[in-house]
Number of protein chains: 2
Amino acid sequence: MSGLSFEDLVSRLRASGVRITAPRRMVLAALAESGSHVTAEELHRRVRADHPEVSVSSVYRTMELLTDHGVVDHVHLGHGPAQYHLTQERHAHLVCNGCGAVSEVDASLSEPFAAEVERTLGFHLDLGHFALTGWCDVCRSARTT
Amino acid sequence: MSGLSFEDLVSRLRASGVRITAPRRMVLAALAESGSHVTAEELHRRVRADHPEVSVSSVYRTMELLTDHGVVDHVHLGHGPAQYHLTQERHAHLVCNGCGAVSEVDASLSEPFAAEVERTLGFHLDLGHFALTGWCDVCRSARTT
DNA sequence: CTAAATGCAAATTATTTGCTCCATC
DNA sequence: GATGGAGCAAATAATTTGCATTTAG
């Protein structure tokens, strides 16, 4: 799912019967060019720079479509808007309540916990969709002093 | 912090210099009477039943005040509104993406994970503020079949 | 040509804020 | 009676939806 170029993605989608329209192409391109996480608003801003007529609804509708096709995913990093990204290996996110910094948790760290929850509670955790919040080292020290 | 009666809470607040107004008293009473988790809207609905003039803003402002005084806390159970509750021992919540059922995770289960994250990443998790999402047994089986 | 997608504006949901009037201490 | 709270309505923020108009295949 990762490592595919932008045009590869377009071909794959067209092959799945997805209509490749100008807005869709532009939104997907903007997403591919963005770093890991972008908000819908940010994508809209980028697309609008070249094509002011593209609307936010198209961004949201495209994200929904691409999500259904497994190409896109999003995370909620606490309060605030959802963050979209091309589908990749799922991992948990840590968001600091103080500075807002986002870091990633390697699956190897969270798997034992997820396994334990599954075993004892019969609940299958998806730690990739909502971030885990807390305090980074720096902010933690700053508040306790 | 737990085990205090409604009137105990009121006295404690008044002692801290908090003005005990009619709306505050009613909102706090509604919260105390509600089970563990209630939304602001639900609290408003309850209070309004007897006193239609009380506004939502008062509910929100009261929740904010009580939060500042450590009497109230809230959790985000995924999408949807925040859920308020009287302050109690913090624990993580599991929300099923399928049926929406909420369950609690005993701290003993999450502590080893939190400790490991703290040790290796220097990040102090607060698993009590945002719920962990995933799939309960029933919904999980239902989707994979 | 026709089903599906777009743009735009208006609706929703959850929460916050400005402001004038009212009540607690 | 002064300071802080309440109510109401309007403002925000993020997203969704209805509908008339375009467009990909």
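Residue numbers begin at 1 in each chain, while the letters A, B, ... track the order of the sequences.
- With contacts defined as side-chain heavy-atom distances shorter than 4.5 Å, the pair B:Arg24/B:Val18 qualifies.
- Using a 4.5 Å cut-off between side-chain heavy atoms of Ile, Leu, Val, Met, Phe, Trp and Tyr, B:Val117 falls into a hydrophobic cluster with A:Leu94, A:Val105, A:Leu109, A:Phe113, A:Val117, A:Leu121, A:Phe123, A:Leu125, A:Leu127, A:Leu132, B:Leu94, B:Val105, B:Leu109, B:Phe113, B:Leu121, B:Phe123, B:Leu125, B:Leu127, B:Leu132.
- Axis deviation across the helix from C:dT12-D:dA14 to C:dC25-D:dG1 amounts to 20°, comparing end segments of five pairs, rounded to 10 degrees.
- Protein chain A contacts DNA chain C over a range whose 5' and 3' limits, counting nucleotides with an atom under 4.0 angstrom from a non-hydrogen atom, are C:dA3 to C:dA9.
- Atom CD in B:Glu53 sits about 14 Å away from atom C1' in D:dG5, given to the nearest Å.
- Hydrophobic cluster membership is shared by A:Leu43 and A:Leu86, with clusters built from Ile, Leu, Val, Met, Phe, Trp and Tyr side chains linked at under 4.5 angstrom.
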message: Show, in sequence, the C-alpha distance, side-chain angles and deciding distance for A:His74 and A:His129, and conclude whether the side chain to side chain contact (heavy atoms under 4.5 Å, CB included) test is met.
response: CA-CA 7 Å; A:His74 68 267; A:His129 192 62; 3.0 Å; yes
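- The closest side-chain donor-acceptor pair between A:His76 and B:His76, if any, does not fall under 3.5 angstrom.
- Between B:Arg25 and B:Phe6, some side-chain heavy-atom pair lies under the 4.5 Å cut-off.
- Counting heavy atoms from C-beta on, the side chains of A:Asp50 and A:Met26 never come closer than 4.5 Å.
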task: Take nucleotides 12-20 of chain D nucleotide by nucleotide from the 5' end and write B, S or -, depending on whether a protein heavy atom sits under 4.0 Å from the base, only from the sugar-phosphate, or from neither.
output: --SBBBB--
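- Across all their heavy atoms, A:Cys136 and A:Cys96 have their closest contact at N-SG, 3.3 Å.
- Within the nucleic acid shown, B:Ser55 comes within 4.0 Å of at least one base atom, counting heavy atoms only.
- The hydrophobic cluster containing A:Trp135, built from Ile/Leu/Val/Met/Phe/Trp/Tyr side-chain heavy atoms closer than 4.5 Å, comprises no other residue.
- In this structure, the separation between CG on B:Asp73 and OG1 on B:Thr87 is 5.0 Å, given to the nearest 0.5 Å.
- Tested against B:Val27 for a side-chain contact (heavy atoms from CB on, under 4.5 Å), the candidates B:Leu66, B:Val72, B:Leu65, B:Thr62 yield a single pass: B:Thr62.
- Contact annotation: the side chain of B:Val71 approaches that of B:Leu9 to within less than 4.5 Å [non-hydrogen atoms, C-beta and beyond].
- Using a 4.0 Å cut-off on heavy atoms, the residues of residues 17-26 of chain B that approach DNA chain D are B:Arg19, B:Thr21, B:Pro23, B:Arg24, listed by number.
- Ring geometry, A:His85 versus A:His37: the interplanar angle exceeds 60°, so the pair is classed perpendicular (tilted spans 30 to 60°).
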